[in-house]
Amino acid sequence: MLLGTVLLVVALVVALVVLVTLRRRSERAYVAQLREREERLKLALWATGEHYWDYDLATGKLHRSQPEQAAQSEAGMRRLPSLADLDQVVHPDDLPLARERLQRYIDGESPMFRSEHRVLDADGQWVWIRARGRAVERDANGRVRRMAGTALNITNERHVERERQIASAVLRHMGEAVTVLDREFRFVSVNPAFTRITGYAADEVAGRGAELLDSAQHDPAFYRHIREITLRQGRFSGEMWQRRKDGEEFLCAIETSVVQEAEGEPPLYVAVLNDVTQQKRAEQELRYLANFDTLTNLPNRTLLSERLSRAIVRARRENNRVAVLFLDLDRFKDINDSLGHAAGDRILRSAAVRLQQTVGQHHTVARLGGDEFTVVLENLASPSDADRTAREVIMAFEAPLIIDERQEVSISPSIGISLYPDHGQVPTELLKQADTAMYQAKAAGRRTFVRYDDAMDVAIRQRATISGALRKVIDRGELHLVYQPRLALPSSRITGVEALLRWTSDEHGEIPPAEFIPLAEESGLILEIGEWVLREACLTLRRWRQHGLDGLAMAVNMSVLQLLRGNFPEVVRRVLADTGVPPDALELELTESVLMANASQAASRLQAFREIGVSLAIDDFGTGYSSLAYLKRLPITTIKIDKEFIGDLTRDPDDAAITSTVIAMAHSLGLNVVAEGVETEAQMQFLRAQGCDEVQGFRVSPPLDAHACLAFIRHWSQSRAGVAASAP
């Protein structure tokens, strides 16, 4: 019995030991399993880069953990603090939104707590995390007491996303078109600027080939070649013509670069297109403005210098000559002032066309400014070739220039010629010498050409010296007037005189009017000098009238500047009032070329003188634009036949015929006729026979000073009175 009890106890102990052992083994297996699961969880968290958090809503404490493997395997990775208050961890700017989302989950408005916000890491730096979690403990009433979840550091993702958003915004707002193309150059995507520039919307081009934009201005092989370059080199940069959706073509600056996608994926190409059509046009316009004259479309001084330099280089290499023709339109300033600047511009354009047509397109014709033109002639065999071209140009301008459908203007050029290598080795030197020769052509009577020689520099320096001295002539009292009598043929009486300006310089001696009057007109001094001449002539006439010469008229030359600038009628009125000379005793003379530059405008201005009572005469009649039509419109009283026709009157039948015609024409219009330059009795007899009213010239008297002229007129009157008294 006792033995049985012992055995039973032993059996129970053994069973208990076995049971405890088995239980311990089971617990160890369970713990191992838990540890294995924990390790797998840690490994999974480490693999995803996430960490675990546990938030106690009652205490407000946040517990955070990070797998040890992450810290061990990634040295230097920032660890997060393990336990902290929520408001100490979350960035103050993000805390309100994080609390709001937490409250929405607690209130059951969202199935899970989700939030992206910044938290403080162990190094005191703010990092972005994406937190997700659910309730893991609730109270008896079902209220959440504890939450747990994971958090992932998304700082890099946020930076990448921000960069992507910035890049996307840049693409949307770029002025250049940007498109992504595949390896077959089919459109993958485009930005809004692409639609604005090409007219194609994104859905219209998706999947279509880039040849959609190819222009007819390039051969298809050109575009294939460009795409082959891009495939081979991975990039292309250049300009090409493209075509918009509406068919309009535009010049496009394009840059294409390859973009390698993920490994194994085919590459893509990003092309940036910029419409540079207007930019190129602006550049062309700037180049044009820099090298061409906008009025005549001829090369300007800059381009002329460049072409002349190249011509000199070629001539030096080939042992040839180059000629520079410097042209100036005669009396263009007078015509421009009379007709107005708009008409002057039309004259310059017409002259440019005439000049280019004459010398040919293979020679350079340039406009330097104003009415100055230059021609560059290359491959000259001899200097006479330049002379021949100059003659052709002068002959070409014999025909009037047509400046509009109703108006023609006759104008002639004066031409100066310089030669390489005879007169200069560089463009500036050749232009200067040609300019000098042109002024000599002007001095020679205009409408001619002169080739440069070294003696001309002396004349130019003399001209500059005289121009400087001219500014002081009135103050120095170097000007004086001489008077040439005018004889009335029917009565053989001296009926008037013409006041002629003379300059006797203390330094330079006698200077001819043909030399200093053009300089006075160019400088504008003629206005001051002209008023002095008018006043001096009227004072002389007043003295003569005081000596009994009441019926005498005084003729004074008027410059175009006096006619067109200022208020010369008022000057005339004031001088007449100051001197007491009656208006009908004064006659103003104006050359025909000035009057005919714009007869209608001249007529309105001259009418003011007629209203004063002053007579008006056309000087040098027959040398310019003689026409019955303008004679009818102008309020003139006298025409003076130029001495060019009178000189050969008795030898040249043409001059005789012209003179007779002019006299008859003038009389038919009720005009007085004066013949200038009468030097022989035969000329006087011819003019008397043709009914000419008055003559003026050395046959009657040379120009005389005031005292000598007064004596001459008195003597003439007394001798004629004596002849009349002795007549039966």
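Not a single donor-acceptor pair under 3.5 Å links the side chain of Ser215 to the backbone N or O of Gln242. Put simply, the side chain of Glu204 gets close to the backbone of Ala201: a donor and an acceptor are under 3.5 Å apart. The backbone N or O of Arg235 lies less than 3.5 Å from no partner atom in the side chain of Thr230, so there is not a single donor-acceptor pair. Asn191 places a side-chain N or O within donor-acceptor distance of the main-chain N or O of Val178, the cut-off being under 3.5 Å. Formation of a donor-acceptor pair under 3.5 Å by the His423 side chain with backbone atoms of Gln433 is not found in this model. Side-chain atoms of Glu429 come within 3.5 Å of backbone N or O of Gln425 as a donor-acceptor pair. With Gln278 contributing its side chain and Ala282 its backbone, the two residues share no donor-acceptor pair below 3.5 Å.
Applying the salt bridge (Lys or Arg N to Asp or Glu O under 4.0 Å) criterion to Lys280, with sequence neighbours excluded, gives Glu239, Glu283. In terms of the side-chain contact (heavy atoms from CB on, under 4.5 Å) criterion, residue partners of Ser189 (sequence neighbours excluded) are, by chain and number, Val180.
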Should Asp182 and Tyr269 be marked as a side-chain hydrogen bond (donor to acceptor under 3.5 Å, both in side chains) after you check the CA-CA gap, both sets of side-chain angles, and the distance that decides it?
CA-CA 6 Å; Asp182 63 15; Tyr269 296 90; over 6 Å; no

Please report the C-alpha distance between Asp293 and Arg301 in whole Å, then the side-chain angles of each, then the deciding distance to 0.1 Å, and finally whether the salt bridge (charged side-chain N to carboxylate O under 4.0 Å, His left out) criterion is met.
CA-CA 9 Å; Asp293 171 52; Arg301 187 181 295 271; over 6 Å; no

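For the side-chain contact (heavy atoms from CB on, under 4.5 Å) criterion with Phe373, the lone passing option out of Ile415, Leu348, Leu368 is Leu348. Tested against Leu401 for a side-chain contact (heavy atoms from CB on, under 4.5 Å), the candidates Arg354, Arg349, Arg346 yield a single pass: Arg354.
For the 3.5 Å distance criterion, the side chains of Asp328 and Ser414 fail to qualify, holding no donor opposite an acceptor. Side-chain contact, Asn320 with Tyr420: no donor N or O sits under 3.5 Å from an acceptor N or O. Side-chain contact of Asp387 with Ser384: a donor-acceptor pair under 3.5 Å is absent, judged by distance alone. Between Asn291 and Thr302, the side chains place no donor N or O within less than 3.5 Å of an acceptor N or O (distance only, hydrogens not considered). When only modelled atom types and interatomic distance are considered, Gln217 and Glu249 share a side-chain donor-acceptor pair under 3.5 Å.
Shown here is His362, whose NE2 atom has more than 12 heavy atoms of other residues, nucleotides or ligands within 6.0 Å. Counting non-hydrogen atoms of other residues, nucleotides and ligands closer than 6.0 Å to CZ of Arg310 gives a total above 12. Within 6.0 Å of the CD atom in Glu306, the count of heavy atoms belonging to other residues, nucleotides or ligands exceeds 12. Counting heavy-atom neighbours within 6.0 Å of Arg243 CZ, excluding the residue itself, gives a total above 12. Within 6.0 Å of atom NE2 in His225, 12 or fewer heavy atoms from other residues, nucleotides or ligands are found, so the atom counts as exposed in its surroundings.
Between Asp275 and Arg244 a salt bridge is recorded (basic side-chain N to carboxylate O distance below 4.0 Å).
Geometrically, Arg132 does not engage Phe113 in a cation-pi contact defined by less than 6.0 Å to the ring centre and at most 45° from the axis.
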